[in-house]
Amino acid sequence: MSNSEKPAPSNFIRSIIDADLALNTHEGRVHTRFPPEPNGYLHIGHAKSICLNFGIAQDYKGLCNLRFDDTNPYKENIEYVTAIKKDVQWLGFDWEDRLYFSSDYFQQLHDYAVALIKKGKAYVCDLSAEEIREYRGTLTEPGKASPHRDRSVKENLELFEQMRAGKFPDGSKVLRTKIDMASPNMNLRDSAIYRIRHGVVHHQTGEEWCIYPMYDFTHCLSDAIEGITHSLCTLEFEDHRPLYDWFLDTLETTHHPQQIEFSRLSLQYTVTSKRKLAQLVEEGHVHGWDDPRLPTLAGLRRRGYTPAALQTFCKRIGITKADNTVEMALLESCVREDLDKNAMRRMAVLHPLKVIIENYPEDKVELLDAANHPKDESRGLRKIPLSREIYIDTNDFREEASRKFKRLVAGGEVRLRNAYVIRCNEVIKNEQGDIIELRCSYDPETLGANPEGRKVKGVIHWVSAQHALPAEIRLYDRLFTHPTPDATKENKEFTAYLNPDSLHTLTHCYIESNLAEATPGDQFQFEREGYFCLDVGGLSEGKLVYNRTVGLRDSWAKIEQKS
RNA sequence: UGGCCCGUGGAGCAAUUGGUAGCUCACCAGAUUUUGAUUCUGGGUGUUCCUGGUUCGAGUCCAGGCGGGCCAGCCA
């Protein structure tokens, strides 16, 4: 693994594994699995689980399987299978030859169900879904037995076989466990394990089956079949663990994996729920699953987040059972850390303001040296053209300002990054009074040298007007205005908190000519602005589109905010 | 008058299993800087949810509270 500078910090799950290893539980093996349902795209919460499961396998010299939990053909789709595989790989993990589907085990699962019936531990129930709900009781009241609970093994066997043979319509019958209708744990009140689904084409098994097993039954047995030792899942499955164990104990499987639950990841100002992400996509609040504003792995990738940054993030957030909401700042610091080290430096002007250097010869062009990375000489130099007309950023000029503003002021001086010091002599405005152009002069003695007898503290970036490439730059802001849009006091639908300004498109930017060679996905630091990457779209229309991954830390913005 | 789980600075996690609270992010101050970036230095901003108890000693153990999360799909 290329990205594992430091090992993941220990956590309670690793402690359990250490103890298991010491006692030689699970024959001293460590075998985990990442079990996504292919009903949507992976998001950063899944990254936490992927890093946990694959990370543990790596560190303990064990194995980690990729297993699609595909027991609900109504919701699942091959498109998602493809996307999920791509995302796991991109994140930096390898399941080698261990790609599985729960549907691979449909026959075995069916046979286990038959075994359960034979043991008198499961029965076919004719109650409708609504009736089952009524019979189930409530959190504080016990349920009551289904009238079909005492069917004979023989009858159950026949009925179940007929279910499989397609003799009954959807919803007319279900196979249930026979455990305890009075259990305080609802999962133990004869939960359903097989339902009838006609007329759906399963992406893996086609029309071979018209009965599909449920999660609780499928998951533990799939784990057992694969010889998983530690089955890691999120907290909401805690109540399911007794059922997980019940199936394996009752069916006396050779392996009995250990289910361990940890808390999900919540990130401020976004949502990490597949259902809600799907809703944002479907209702058109964003432009697809890979919209750079989304915390999906596809979106983060397109935004310019790196696998290394996400891995670091997953290490830093840790693993516990406590509910938590991580600040966006932590994620951002992880990308900045990676990109500061690895991204090439370039210059780009986001809000162009034309500057004419009056004492610079009309037809002269100088090619100046600029470091690709100021702290890494091995990345070499590039040549950047300078000519009489350049663009600087509107925000880097003020007609007048306090001494704190160390950029260009009318009558003042500033250094052009990697070039000369210029002085602003004249401010040109249009009829509305907007500044449209600056007339400046440059000091030819200041290339790579400080001017005589005076200090120039400010440095601003620029591009040569005749050489620069026009580009579109997309700036992203938080998708929601509320830190926890799905859990607010007002109890409104989370979409009520969508940030209307989450996307700012700057259509008239100028980027340095060296960027002509960039290919989609390439990442750069646009000096003094932030980290950007070339978007995959746009090129077809002959447009250069850059996505801002994250801005540079901006202490000037803080100073300004205070005053 | 249900069951299970959780509770350490603003955030996320640690604390050799009973030895006097630490790390990262954020934040504040300063130094360096041809990126107001990076880097470096300094700063703790904590009643370890509360109240009792055991103990020489409790974030860790016990009891009782309080606060929060999850569970009544033929979803996963």
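The sequence lines fix the lettering, A, B, ..., with proteins before strands; numbering per chain opens at 1. Because the structure is a prediction, the values reported are computed rather than measured. Computation of the quantities below employed the complete heavy-atom set of this structure, encompassing side-chain atoms and omitting hydrogens, waters and symmetry-equivalent molecules.
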Original post:
What distance, rounded to whole Å, do you find between the two C1' atoms, one in B:rU45 and one in B:rG22?
Top reply: 15 Å
Subject >> Interatomic distance at C1', B:rU16 relative to B:rG59, whole Å >> reply: 15 Å
Subject >> P atoms of B:rU20 and B:rA15, separation to the nearest Å >> reply: 14 Å
Original post:
With nearest nucleotides of RNA chain B determined for A:Asn72 and A:Asn185 from heavy-atom distances, which residue corresponds to the more 5′ nucleotide?
Top reply: A:Asn185
Original post:
How far, in whole Å, is B:rC74 from B:rG69 if one measures between their P atoms?
Top reply: 25 Å
Original post:
P atom, B:rG3 versus B:rG9: distance in rounded Å?
Top reply: 29 Å
**OP:** Would you classify A:Phe237 as touching base, sugar-phosphate or nothing, given that sugar-phosphate means primed atoms plus P, OP1 and OP2, and contacts are heavy atoms under 4.0 Å?
**Re:** base
**OP:** Quick one: label A:Pro36 by what it contacts on the DNA or RNA (base, sugar-phosphate, nothing), any heavy atom closer than 4.0 Å.
**Re:** nothing
Original post:
For B:rU17, does the O4'-C1'-N9-C4 (purine) or O4'-C1'-N1-C2 (pyrimidine) torsion place it in syn, i.e. within 90° of 0, or in anti?
Top reply: syn
Original post:
When we call it a touch if two heavy atoms are under 4.0 Å apart, what does A:Arg336 touch: a base, just sugar-phosphate, or nothing?
Top reply: nothing
**OP:** For A:Leu139, report the nucleic acid contact type (base, sugar-phosphate, nothing); a contact means any heavy atom under 4.0 Å.
**Re:** base
Subject >> Pairing annotation in dot-bracket form, given for RNA chain B with Watson-Crick or G-U pairs under 3.5 Å and | for cross-strand partners >> reply: .((((((..((((.....[..)))).(((((.......))))).....(((((..]....))))))))))).....
Original post:
Would a distance-only check, ignoring hydrogens and angles, find a side-chain to backbone donor-acceptor pair under 3.5 Å from A:Asn53 to A:Thr32?
Top reply: no
**OP:** Would you classify A:Ile319 as touching base, sugar-phosphate or nothing, given that sugar-phosphate means primed atoms plus P, OP1 and OP2, and contacts are heavy atoms under 4.0 Å?
**Re:** sugar-phosphate
Original post:
Less than 4.5 Å apart, any side-chain heavy atom of A:His46 and any of A:Thr272?
Top reply: no
Original post:
Do the ring planes of A:His202 and A:Tyr212 sit parallel (below 30°), tilted (30 to 60°) or perpendicular (above 60°)?
Top reply: parallel
**OP:** For B:rG57, decide between syn and anti, treating a glycosidic angle within 90° of 0 as syn.
**Re:** anti
Subject >> Pairwise C1' distance for B:rG36 and B:rA76, with rounding to whole Å >> reply: 49 Å
Original post:
With nearest nucleotides of RNA chain B determined for A:Arg553 and A:Tyr420 from heavy-atom distances, which residue corresponds to the more 5′ nucleotide?
Top reply: A:Tyr420
**OP:** Mind checking A:Gly448 for me? I need base, sugar-phosphate or nothing, with any heavy atom below 4.0 Å counting as a touch.
**Re:** base
Original post:
Using a heavy-atom cut-off of 4.0 Å to chain A, what are the terminal contacting nucleotides of RNA chain B, in 5' to 3' order?
Top reply: B:rG2 to B:rA76
Original post:
With a non-hydrogen cut-off below 4.0 angstrom, is A:Glu261 in contact with a base, only sugar-phosphate, or nothing?
Top reply: nothing
**OP:** Using the C1' atom as the reference point in each nucleotide, state the distance between B:rU24 and B:rG65 in Å, no decimals.
**Re:** 34 Å
**OP:** Could you tell me whether A:Glu529 and A:Arg346 have a side-chain N and a carboxylate O separated by less than 4.0 Å?
**Re:** no
**OP:** Check every strand shown and say whether A:Thr71 touches a base, only sugar-phosphate, or nothing at a heavy-atom separation below 4.0 Å.
**Re:** sugar-phosphate
Subject >> Exam field: side chain A:Ser263 to backbone A:Ala322, donor-acceptor pair closer than 3.5 Å >> reply: yes
**OP:** For B:rA14 versus B:rA21, give the span between their C1' atoms, rounded off to a whole number of Å.
**Re:** 10 Å
**OP:** Measure up the A:Tyr244 and A:His219 rings against each other and bin them: parallel (under 30°), tilted (30 to 60°), perpendicular (over 60°).
**Re:** tilted
Original post:
Quick one: does A:Asn342's side chain have a donor or acceptor within less than 3.5 Å of a partner on A:Asp338's backbone?
Top reply: yes
Original post:
Just checking A:Leu267: base, sugar-phosphate only, or nothing, at a heavy-atom cut-off of under 4.0 Å?
Top reply: nothing
**OP:** Determine the interplanar angle of the A:His110 and A:Phe160 rings, folded into 0 to 90°, and report it as parallel if under 30°, tilted if 30 to 60°, perpendicular if over 60°.
**Re:** parallel
**OP:** Report the distance from atom CD1 of A:Ile473 to atom CG of A:Leu350, rounding to the nearest 0.5 Å.
**Re:** 4.0 Å
**OP:** May I ask you to decide whether A:Lys276 forms a salt bridge with A:Asp486, counting only side-chain N to carboxylate O separations under 4.0 Å?
**Re:** yes
**OP:** For A:Met214, report the nucleic acid contact type (base, sugar-phosphate, nothing); a contact means any heavy atom under 4.0 Å.
**Re:** sugar-phosphate
**OP:** Check step by step if salt bridge (Lys or Arg N to Asp or Glu O under 4.0 Å) holds for A:Asp396 and A:Arg528.
**Re:** CA-CA 11 Å; A:Asp396 287 336; A:Arg528 303 210 314 128; 2.4 Å; yes
**OP:** Using a heavy-atom cut-off of under 4.0 Å over every strand shown, decide if A:Arg176 touches base, sugar-phosphate, or nothing.
**Re:** nothing
**OP:** Remember a base hit wins even if backbone is also touched, and classify A:Arg189 as base, sugar-phosphate or nothing at under 4.0 Å, heavy atoms.
**Re:** nothing
Original post:
Base, sugar-phosphate, or nothing for A:Phe12, non-hydrogen atoms under 4.0 angstrom?
Top reply: nothing
